[in-house]
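Below is one structure; the comments refer to it alone.
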Amino acid sequence: MTPADPSNQQPTPSLTTLAVRAGEHARPTASTSLIEPIYQSTVYSFPDLDSLEAGMAGQQDAYFYYRNGTPNASTLERALAELEGCEAAVCAASGMAAISAAFLGVLSAGDHIITDERVYGVTYALLRDELPRLGIEVSFVDALDLDAVAAAFRPNTKLLHVENLTNPLLTVTDVPKLAELAHARGALLSVDSTFTGPAVFRPAQHGADIVTHSLAKYLSGHSTAFGGAVIGRADLMSQARRVLLRLGGTISAFDAWMTLQGLKTLGLRMRAHSGNAQAIADVLQNHPRVRRVYHPGLESHPQFLLAQDLYPDGFGGMMALEVDDADEFVKRLAGRIPLAPSLADVMSTLSHPWSTSHRALPDADKRRLGITPGLLRFSVGIEDVVDLLDELERALA
Ligand code: PLP
């Protein structure tokens, strides 16, 4: 036996050094985890400068630093692009971060954006208060009035932004017609599809160029993950990613991972949400204690025919109802259907637009829009519909 070359012998590191390094490089090799692990590392290492250079130059896929992206975010982005039938996706720390990146990726000072006046309150505030400070012109229109939308275009209009089903009264936006209007004038259409998700409606398949989501809603589905996504053409997504990374709006690896777990049941959940909401709307529309029900699957809905055309497989779980005394109704439900100002959980929840999403509007404006003190937005969950109907009947009795 030849004696070991003493120059190859590594000195035994001290416990302090070992504590920093111990275990890190002992990876199992005979098997891989079925589900992608959570990559919590905030930085990635390279074996040599050539590999670093190949990664930096984009010749090889590589991760560098958490803010620039994690494997979990990339997996979620690929999944969302596939589900929406688009080239690419960019995930963000929240729905608002995603919408901001989508807008700022496309718009520069001197450009003009048209938006539906019904958009989510914080989107409305972003458009009303922030974009004009950057020199971007904004017009608010009633997107149900196609003539008004057409008249709002200017030579510098770059983007038309709408939601496909609106909050809280579930008006149905004619995405194919709006896409035609925008494209004929050289503009893009972006659609916030948070209220339905791709198992119910895929805006890009109806002409939208950009799709946005709050991932905290149907895509993750359990009120346990937070994030946003912009989805669309690869060139538009690289513009959105550039802005998002510079603004620092990266999704966390954990939230991306949690959203991926939620996505696995999206199809099943959405069938249950849609079926339950339709059944409850059908029953409550004839209930003597319910003043009015808003659901696109009811013949009383002003856009019933358009809704049938665009949503052949249901509308998801969102509806609204007006009762005489919303407070009494919420109390009588005694938390079985809790009051919670979000939506799209597997658990049914109610929200009160008068005191939450629309509270900043003067009362007269709220009433003009159909937002009354008795209006409740109902995010119908996936519980057994027999139980839900029983609880609603008791609360209304
Ligand atoms: N768009 C819609 C339709 C929403 O309802 C919300 C939030 O409720 C958002 C965007 C904003 O998403 P986030 O809360 O993830 O920033």
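Numbering of ligands and ligand atoms starts at 1, following listing order.
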Near-ring test H301/Y294, centroid separation under 6.0 angstrom | no

With R118 as partner, the option from D142, T173, T166 fulfilling side chain to side chain donor-acceptor pair (under 3.5 Å) is D142

Compute the centroid of each ring, for F201 and then for F195, and state whether the two points are separated by less than 6.0 Å.
-> no

Heavy-atom side-chain proximity of H352 to D327 below 4.5 angstrom | no

Are E383 and N276 linked by a side-chain donor-acceptor pair shorter than 3.5 Å?
-> no

Write 'none' if nothing qualifies; otherwise put on separate lines each N/O atom of ligand 1 with a protein N/O atom under 3.5 Å away and their distance to 0.1 Å.
residue: ligand 1; atom: 1 (N); partner: D192; partner atom: OD2; Å: 2.6
residue: ligand 1; atom: 8 (O); partner: K217; partner atom: NZ; Å: 3.0
residue: ligand 1; atom: 12 (O); partner: S214; partner atom: OG; Å: 3.3
residue: ligand 1; atom: 15 (O); partner: G95; partner atom: N; Å: 2.8
residue: ligand 1; atom: 15 (O); partner: S214; partner atom: OG; Å: 2.8
residue: ligand 1; atom: 16 (O); partner: G95; partner atom: N; Å: 3.1
residue: ligand 1; atom: 16 (O); partner: M96; partner atom: N; Å: 2.9

Quick check, are the ring centers of F315 and H273 under 6.0 angstrom apart?
-> no

